[in-house]
Amino acid sequence: MKIYNTLTKNKEEFKPLREGEVSMYVCGPTVYNLIHIGNARPMIIFDTFRRYMEYKGYKVNYVSNFTDVDDKIIKAANAEGVDSSVISERYIKECKKDMQAMNVREATTHPKATCEIDGMIAMISTLIEKGHAYVAADGTVYFRTRSFNEYGKLSHKNLDDLQSGGRSLLVTGEDQKEDPLDFVLWKPKKEGEPYWESPWCQGRPGWHIECSVMSKRYLGDTIDIHAGGEDLIFPHHENEIAQSEAANGVPFAHYWMHNAFLNIDNKKMSKSLGNFFTVRDISEKYDLQILRFFMLSAHYRSPLNFSDSLMESAKNSLERITNCVSALSFAIENKSGELTEEEKALLEQAKGYQTAFEEAMEDDCNTADAISSVFELVKFANQALKEERSAAFYKELKENILTLCDILGLIVEKKEELLDEEIENLIAQRQQARKDKDFAKADEIRDLLKEKGILLEDTREGVKWKRES
Ligand code: AMP
Ligand code: ZN
């Protein structure tokens, strides 16, 4: 597997720290609002990367945080007159709903910054002890950027250029800093803000420290892959490297992967330009599988333009796959027979498309080319459907297509819907199993219903059910 590493600006062979395992950390959203389709890009891309690594047999430990303390959250909370946790919990829940609709799997761990304050205080204390951080008169703690010799190695920026040319990037008018390059690790509370006790002042952490701490806690001092959108390279990821490596004394992440931006009608997506869509907005018009397909139709390091016409064409393309899969299902049910020698030879050809798919994914997760291989396979299957073939042959082709689509996280087979009566029946069987203390059976029935998109809720009036929307 080759990965383009922002750190070295090269495509490199992926060598995991531990044989057969991948540890990866993906910077997640700040939860003050519904997520927008730009936030969805890294979610979909790195979820697909994870699925491919699992397909290859790796055990992937995937950590993605929720930033739940931040100026924007506090502002939203104050505007509604509620605690900032009300805002962040609300939008974490909504974000998880969107993730599910996009078939983005839950991370192994989704840590929240506010639950990791102790770890942040510990790391900041270490940085102070080692001379990499200092406390200003008002209790603000700053990272002493020049004390970390390799600062700038990820964004390929030179410290002196940053100081002169890029001053505006860094200087925030805080004259208590020893150096304008220094950045905040801990800041004192302001009126109406959430705060925590610390050795320096009552206050809250800076944004960068949270990822250094959560990555260390859930994945260790050195991890395989750290990822996020390209806007995070500087200063966020640069600062994470400085904090982590200065505190831990070992390399932070071996590979740095960054997705390019999603634009709208060839313009940067922004609220002020009015060209801003949440994932929820899109879900009103399209099945979010189409959004997922659209995101994967370009290489993750290329900018991607969002427009209605591109979504329409994504919709048509995805339909070509789903139509082929249902035609194969129909053929499987209505034909019979085992594989013939000729069909075995044909399947070898079909295997070539799977190999091409894998080669594309091995080449820095080239989902655009991988999708082309799926279409080759679909074309091949459509041709086979015009011929007289055995049920076993169609079954193999269908499984091949489903395997590749599953790696891409695309759901291309419509689940058979259960009738209301069948659901009631299964629920009754589950109740009986519970009465009989046969919990394994009860769980089995619940899982079966879940698989069919039926959610159960135990209430005082009995078990209620609803279809997943
Ligand atoms: P934020 O909530 O702004 O911290 O963003 C969460 C994640 O979404 C980060 O990895 C960002 O880099 C990414 N992101 C934000 N906007 C876009 C966009 N327009 N295109 C692609 N990725 C984005
Ligand atoms: Zn981060």
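Counting starts at 1 for both ligands and their atoms, in listed order.
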Could you confirm whether Cys211 has any N/O/S atom lying under 2.8 Å from the Zn ion (ligand 2)? yes
Examine His236 and say whether one of its N/O/S atoms is closer to the Zn ion (ligand 2) than 2.8 Å. yes
NZ/NE/NH1/NH2 to OD/OE distance under 4.0 Å, Arg50 and Glu54: yes
Between Glu94 and Arg280, does at least one N-O distance fall below 4.0 Å, as a salt bridge requires? yes
Location of contacts on Asn39 toward ligand 1, heavy atoms closer than 4.0 Å: both
Which segment of Val26 sits under 4.0 Å of ligand 1 when only heavy atoms are counted: neither
Let me know which of Arg41, Met311, Gln289 forms a side-chain contact (heavy atoms from CB on, under 4.5 Å) with Phe294. Met311
Of Asp47, Asn103, Asp287, which meets side-chain hydrogen bond (donor to acceptor under 3.5 Å, both in side chains) against Arg292? Asp47
For Glu193, which of Gln202, Lys187, Arg204 qualifies under side-chain hydrogen bond (donor to acceptor under 3.5 Å, both in side chains)? Arg204
Residue and atom name of the nearest protein heavy atom (relative to [atom]), distance in Å to one decimal:
atom	value
atom 16 (N) of ligand 1	His36 CE1, 3.3 Å
atom 11 (C) of ligand 1	Asp231 OD1, 3.5 Å
atom 4 (O) of ligand 1	Thr30 OG1, 3.8 Å
atom 20 (N) of ligand 1	Leu262 N, 2.8 Å
atom 9 (C) of ligand 1	Leu232 CD1, 3.7 Å
atom 22 (N) of ligand 1	Gly38 O, 3.1 Å

May I ask you to list the atoms of ligand 1 that are less than 4.0 angstrom from any heavy atom of [X]?
X	result
Asn259	21 (C), 22 (N)
Cys27	10 (O)
Gly229	10 (O), 12 (O)

Would the number of heavy atoms belonging to other residues, nucleotides or ligands and lying under 6.0 Å from NZ of Lys450 be above 12? no
In this structure, does ligand 1 have an atom that sits under 4.0 Å from one of the heavy atoms of Ala260? yes
His110 vs Phe66 aromatic rings, parallel, tilted or perpendicular, using cut-offs 30° and 60°? parallel
Using a plain distance cutoff, I'd like to know if Pro42 has any nitrogen or oxygen under 3.5 Å from a nitrogen or oxygen of ligand 1. no
Does the side chain of His208 come under 3.5 Å of the side chain of Gln243 through a donor N or O and an acceptor N or O? no
Apply side-chain hydrogen bond (donor to acceptor under 3.5 Å, both in side chains) to Asp406 and Thr403, showing your working. CA-CA 5 Å; Asp406 191 47; Thr403 302; over 6 Å; no
Tightest non-hydrogen contact, residues His236 and Cys211, listed as NE2-SG, 3.5 Å
